[in-house]
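In what follows, a single structure is set out as structure tokens and then discussed.
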Amino acid sequence: MAKFLPRLDNQTSFQLDFMPLIMATVMDLQSQLTVLHSIYLNGSVAYRQATNGISDLNLTVVITAPLTVEEQHRMTVICQDLKRRYPVISNVDITWLLLDDVLSIATIFKWGFWLKHCSVCLYGTNLSEQFGDFEPCWEIAKLFNDDIASFLIDMQQQIKRTKSMIEYQGYCRSAGKKMLRSCFMLVACRIDGWAYTDQQCADFFLAFYPDKATEIERLFVLINGPQVPKKASLFMLSQFGDWIVNEFNNIERKIG
């Protein structure tokens, strides 16, 4: 019997501290975008596990045509303004998707899965209803992990260049979260559930790779602090990052 992956709750109210932010975000996007199709909430706010002042606001916004340069600038200003007006979040992170790409059969294991199992529709026609439930499979994990090698190279370059401690901490947090998520993707097709939080990613991964406990502890330091020297973060991205990439490639050769 097929074991489908869980869906996010789309009935329960979100955490009260974040409701004004969510409502303002939808109103701002709705009023400023003529190409807007639908808005989806992701991440810890969608899971109802956000931490005041620390969590990001993660959104997926589906549009019917590419944003113009003017619209891109306007969206940057809106995100900065939301961050300033609502200090309950540390950042606003939007993934922009074209409607045709979402509905393409070529991306069903990525965006079909993403909208069905990792998103809550806030506005517009809910595209998740276009897709059936998904089962655990390597195709999903592979599509969400195929950029890890280039991400690590880019992040190391960013860390080396920055002279801002605030930027540096942001890069460490992003790198730690991405690597932790990539660790989960190595085992995602071997379990019946899905990891929605950092801790769930760690727990599922360590069930198959218990010898990597020290590396996972270090990823949580990158994410949550205390701040580590650049040499230490770069070593982590290089050493453990290379292991993640190599393990990903090994699994791909066996399964793919």
Side-chain angles (χ1 to χ4, degrees), residues 5-29 38-63 75-76 78-97 102 110-124 126-128 134 140-141 143-145 147-148 151 155 169-185 188 193-205 216 219-220 222-225:
L5 291 167
R7 297 190 209 174
L8 290 182
D9 179 4
N10 62 359
Q11 300 296 324
T12 306
S13 297
F14 299 109
Q15 293 160 278
L16 288 178
D17 286 351
F18 296 88
M19 285 300 295
L21 164 68
I22 294 171
M23 295 171 65
T25 302
V26 171
M27 290 178 63
D28 285 350
L29 293 177
S38 46
I39 304 171
Y40 303 84
L41 185 63
N42 312 106
S44 59
V45 181
Y47 316 151
R48 286 79 167 178
Q49 295 188 22
T51 302
N52 195 318
I54 296 177
S55 296
D56 297 340
L57 178 67
N58 299 106
L59 299 168
T60 300
V61 178
V62 179
I63 49 181
M75 291 303 102
T76 298
I78 285 176
C79 289
Q80 291 173 344
D81 186 55
L82 287 168
K83 181 179 174 181
R84 177 184 59 80
R85 288 160 52 201
Y86 298 95
V88 292
I89 46 98
S90 59
N91 195 32
V92 178
D93 184 13
I94 300 179
T95 298
W96 298 95
L97 301 178
V102 174
K110 186 164 189 177
W111 302 127
F113 159 77
W114 180 249
L115 296 182
K116 191 73 176 185
H117 295 281
C118 299
S119 306
V120 177
C121 186
L122 299 176
Y123 169 84
N126 188 356
L127 292 172
S128 72
F134 289 78
I140 292 173
L143 285 170
F144 278 93
N145 210 34
D147 65 339
I148 182 62
F151 171 87
M155 192 56 61
Q169 289 173 326
Y171 292 147
C172 286
R173 181 176 172 82
S174 296
K177 281 182 168 290
K178 177 67 174 178
M179 292 170 71
L180 195 54
R181 175 60 52 175
S182 291
C183 286
F184 168 68
M185 293 303 172
W194 192 258
Y196 290 107
T197 67
D198 293 341
Q199 190 59 56
Q200 287 172 341
C201 287
D203 291 343
F204 281 126
F205 172 74
I216 295 300
L219 287 186
F220 275 106
L222 288 182
I223 295 169
N224 300 315

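All values below were derived from every heavy atom in this structure, side-chain atoms included, with hydrogens, water molecules and symmetry-related copies excluded. Residue numbers count from 1 along this sequence.
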Subject >> Counterpart residues, ring pair (Phe, Tyr, Trp, His ring centres under 6.0 Å), relative to F113 (two or more places apart) >> reply: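 F113 satisfies ring pair (Phe, Tyr, Trp, His ring centres under 6.0 Å) with H117, F144, W194 only.
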Subject >> Gap between atom OG1 of T60 and atom CG of N42 - 0.5 Å precision >> reply: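 OG1 of T60 is found 3.5 Å from CG of N42.
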Subject >> Interatomic distance, K177 atom NZ to L219 atom CG [nearest 0.5 angstrom] >> reply: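 With rounding to 0.5 Å, NZ (K177) is 11.5 Å from CG (L219).
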Subject >> Intermediate values then yes/no, side chain to side chain contact (heavy atoms under 4.5 Å, CB included), L57 and K83 >> reply: CA-CA 9 Å; L57 178 67; K83 181 179 174 181; over 6 Å; no
Original post:
Between R48 and A46, is there a donor-acceptor pair closer than 3.5 Å when you use the side chain of the first and the backbone of the second?
Top reply: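 Confirmed, R48 side chain pairs with A46 backbone.
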Original post:
Would you say S38's side chain and V62's backbone share a donor-acceptor pair under 3.5 angstrom?
Top reply: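 No, S38 side chain to V62 backbone: no donor-acceptor pair under 3.5 Å.
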**OP:** Scan for salt bridge (Lys or Arg N to Asp or Glu O under 4.0 Å) pairs involving residues 111-124, sequence neighbours excluded, and state none if there are none.
**Re:**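 For residues 111-124: none.
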Original post:
With Q199, which residues qualify under side-chain hydrogen bond (donor to acceptor under 3.5 Å, both in side chains), at least two apart?
Top reply: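 Counting only residues at least two positions away or on another chain, Q199 forms a side-chain hydrogen bond (donor to acceptor under 3.5 Å, both in side chains) with D203.
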**OP:** Identify, with sequence neighbours excluded, every residue that meets side-chain hydrogen bond (donor to acceptor under 3.5 Å, both in side chains) alongside S13.
**Re:**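 Listed in chain order: nothing, the list is empty.
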**OP:** Would you kindly say whether S55 and S44 are connected by a side-chain donor-acceptor distance under 3.5 Å?
**Re:**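 Side chains of S55 and S44: pair found under 3.5 Å.
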Original post:
Can you check whether P6 reaches Y196 side chain to side chain, under 4.5 Å on heavy atoms?
Top reply: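 With C-beta onward as the side chain, the pair touches.
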Original post:
How would you list, by chain and number, every residue that makes a salt bridge (charged side-chain N to carboxylate O under 4.0 Å, His left out) with D17, sequence neighbours excluded?
Top reply: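 Salt bridge (charged side-chain N to carboxylate O under 4.0 Å, His left out) check on D17 returns nothing, list empty.
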Subject >> Residues which pass salt bridge (charged side-chain N to carboxylate O under 4.0 Å, His left out) with D56, listed by chain and number, not counting sequence neighbours >> reply: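 Not a single residue meets the salt bridge (charged side-chain N to carboxylate O under 4.0 Å, His left out) criterion with D56.
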